[in-house]
Protein chains: 2
Amino acid sequence: MPVTIFDVAERAGVSISTVSRVLNNRDRVHAATRERVLEAVRELGYQRNALAQSLATQQTNMMGLVIPMVNDPFFFEIVRGVEDAATAKDYSLLIASQPYPAQEHRYLNLFRRGYVDAMVLIAADIQEHEVKQVIEQGVPVVLVQQYHDSIPSFGVDNYGGAHMMVRHLLDLGYRRIAYITGTDYTIDNAERLRGLRDCLAEHGLDLPDTYIARGDYRHGSGYDAMKLLLQLPDRPEAVFAANDQMALDAIRATKDYGLHVPGDIAVVGFDDISLAHYVDPPLTTVAQPAYELGYQSASLALEIVNTRRNGCRIEPKHVNLPTRLVVRRSCGANAK
Amino acid sequence: MPVTIFDVAERAGVSISTVSRVLNNRDRVHAATRERVLEAVRELGYQRNALAQSLATQQTNMMGLVIPMVNDPFFFEIVRGVEDAATAKDYSLLIASQPYPAQEHRYLNLFRRGYVDAMVLIAADIQEHEVKQVIEQGVPVVLVQQYHDSIPSFGVDNYGGAHMMVRHLLDLGYRRIAYITGTDYTIDNAERLRGLRDCLAEHGLDLPDTYIARGDYRHGSGYDAMKLLLQLPDRPEAVFAANDQMALDAIRATKDYGLHVPGDIAVVGFDDISLAHYVDPPLTTVAQPAYELGYQSASLALEIVNTRRNGCRIEPKHVNLPTRLVVRRSCGANAK
DNA sequence: TTTCGGTGTAAAAACGCTTTTACAAACTAT
DNA sequence: ATAGTTTGTAAAAGCGTTTTTACACCGAAA
């Protein structure tokens, strides 16, 4: 049923190599012959079989992308960046979204050799040796928001962002600052907490254990954490949530508790999700260069593909992209 | 560099067909031989080349998905549905996101024969003949939120949803009801408008032209539309925006205008995006069964693949999934 | 002892392309 | 007129699998 290159060749009265050369603009082909081939292609509605082509050329022009399956605009922005970078180099995206908790089989197909020329793994819950295995198969991998030796990766300056944010809170006069944690084993969370601690320490302040409330980054977890903080005898003046999702929960919890943000207590977050400037009060937060993160990772991955093709090699290293403080109203500063 | 089935065969001292049979659990293979092959696979870290496998089997276990490149949680839910349905049948997703406005080349790769066994097109800006061409190549296509004769498709009951919503507004006592349109050439928009018109007509009411303000579904467009409506001499009592995004804009516009929602004017939307229950006031809207939409479309697509394999054929038809009214506070009803 | 169904394996033919090699035919230079 | 160079095309060799076909080998039945 499907029409192949042979059908075209027969129709045009040439050999398949001629058809191939016409289709790929390779070598010289007599103008008349070319026209006959093109005509045959048109008449038969021929489309190359991409699979066969990839098999022959050893190149798929596809990039694999593994992302956590969470409806987070932050990830969406990363994907946009990846997509743009891929498109710029004429690559398509093969996306596998990894559910929480990770079920191997769902994205394992992506790893099967041959399908993708390169991969970008975003905050993926994947064993290091699995990644190494993929790399050994000849597929360059770039990690986003995840760190492993000898694998190139991109992240954001969590430490600097948190530091900047806390500095801002201190400047506004707050002294009793609490933290709602993300999933505690993530480096992001650790770095943000470290930024907070260090900044406080630099100002001679301390972060008591009671001021660390556990969340898990997910929707809802900030609510309970905030309730705990609100009931503390020496209630904090400002609460820094490890991400915006939880900061919104915290604001909701505060309202439900009968207090006002930022009048009674300031709440700030991290990520700058699009919701952040919609809520009431608009959320002060740390913006991550999500799009950049995606764009640069994908670009690097494809660059590695390219340099490898020329026999070169790019040294793996980790790059932290800078974060940006976004001051809105939830911190008590009266920026618009 | 990459290890192939030949390497495994050599190492195990068997022929490649034996290796293949072991890997696919086909036919009987002597237990000892099988063990030797498996051992060789392990030692060499062999992974099958998926490309070659797909070429040989004429089946990729991949499903193509085209979605508009907009950060809309609604689409995200659809994708989740598609993903789940695909995963359930052991399929992977090849996602192409179509930017606004559509640039052909970005997702055209998906159409290239061989890469996907089936496709789901979500609200895609694609010519009918292009779709037909894909189908002729033997790849079943299912449309979501888009209608073409002789192509199976899923949509939501836009008419019913709008009707239901307007009925609700009428029940609340509003009589002067205005509409902020979506992109005017879409069927969704037309159906919602028709639902509104009919419902008003059933109650002996009319929709004056001045009560139809143009938007384009996109972020921001509802703001200007609302401004127009607010300045009308006989200001509407309630405004029905063609989607939530614009409804949120409308609420913002109303606030900026110095009026109160829902005190001075009610605002409702369509879609039930996740933002809808975060904003102040929480938005009354029509929920679409986004997840279901995705799940059912993907399931159907794969079912067609299957039945086709058995020589059968499924009649293409359009299915509308029911919508659901979500009453929050922006309509003036004091539901929580 | 010959014939006959299983078994287990190898060889070869797809799958649909690209690319290299080889070779005519048609030119240009001598 | 002959040798040397383009130019255009065909044939064949991959790419890495699966699957079909063929065929030894073995024990059991005749």
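Chain letters run A, B, ... following the sequence lines, proteins first and then strands; every chain starts at 1. Keep in mind that the numbers below use all heavy atoms, side chains included, and drop hydrogens, waters and symmetry copies.
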Over all atoms of both residues, closest heavy-atom pair of A:Tyr46 and A:Thr4:
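Distance-wise, the nearest heavy atoms are CE1-C, 3.5 Å.
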With [X] via salt bridge (Lys or Arg N to Asp or Glu O under 4.0 Å) - residues at least two apart:
X	answer
B:Lys317	none
B:Arg11	B:Glu43
A:Glu39	A:Arg42

For atom CG of A:Asn61 and atom P of C:dT18, their distance in whole Å:
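Atom-to-atom, A:Asn61 to C:dT18, this comes out as 13 Å.
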When the side chains of residues 294-307 of chain B are checked against the rest of the protein, which donor-acceptor pairs come out under 3.5 Å, sequence neighbours left out?
residue  : atom : partner  : partner atom : Å
B:Gln296 : NE2  : B:Glu292 : OE1          : 2.9
B:Ser297 : OG   : B:Leu293 : O            : 2.4
B:Ser299 : OG   : B:Tyr295 : O            : 2.8
B:Thr307 : OG1  : B:Glu303 : O            : 3.2
B:Thr307 : OG1  : B:Ile304 : O            : 3.1

Nucleotides 25-27 of chain C: which of its N/O atoms have a protein N/O under 3.5 Å away?
none

Report the residues that fulfil side-chain contact (heavy atoms from CB on, under 4.5 Å) with A:Arg28, sequence neighbours left out, ordered by chain and then residue number.
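Per chain and number, A:Arg28 pairs via side-chain contact (heavy atoms from CB on, under 4.5 Å) with no residue.
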Identify all side-chain donor-acceptor contacts of residues 140-147 of chain A below 3.5 Å with residues at least two apart in sequence or on another chain.
residue  : atom : partner  : partner atom : Å
A:Gln145 : NE2  : A:Gln288 : OE1          : 3.3
A:Gln146 : NE2  : A:Ala124 : O            : 2.6

How does each nucleotide of nucleotides 14-27 of chain D score, in 5' to 3' order, for protein heavy atoms under 4.0 Å: base (B), sugar-phosphate only (S), or none (-)?
BBBBBB--------
Restricting to pairs with a member in residues 145-154 of chain A, which pass salt bridge (Lys or Arg N to Asp or Glu O under 4.0 Å), not counting sequence neighbours?
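Every pair satisfying salt bridge (Lys or Arg N to Asp or Glu O under 4.0 Å) with a residue in residues 145-154 of chain A: there are none.
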Could you tell me whether the side chain of A:Met63 reaches within less than 4.5 Å of the side chain of A:Lys89, counting heavy atoms only?
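Side-chain contact under 4.5 Å: no.
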Rounded to 10 degrees, the angle between the two terminal axes of the helix from C:dT1-D:dA30 to C:dT30-D:dA1, each from five pairs:
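One end axis against the other gives 60°.
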Enumerate the residues from residues 28-40 of chain A whose closest heavy atom to DNA chain D is under 4.0 Å, giving them by residue number; use none for an empty result.
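Listed by number, they are A:Arg28, A:Val29, A:His30, A:Thr33.
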Can B:Asp84 and B:Tyr291 be counted as having a side-chain donor-acceptor contact under 3.5 angstrom?
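Side chains of B:Asp84 and B:Tyr291: pair found under 3.5 Å.
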Side chains of B:Ser54 and A:Tyr115: any donor to acceptor distance under 3.5 Å?
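Indeed, the side chains of A:Tyr115 and B:Ser54 share at least one donor-acceptor pair under 3.5 Å.
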Side chains of residues 12-21 of chain B: which donor-acceptor pairs under 3.5 Å do they make with residues two or more places apart or in other chains?
residue : atom : partner : partner atom : Å
B:Ser15 : OG   : B:Ser17 : N            : 3.3
B:Ser15 : OG   : B:Ser17 : OG           : 2.8
B:Ser20 : OG   : B:Asn24 : ND2          : 3.3

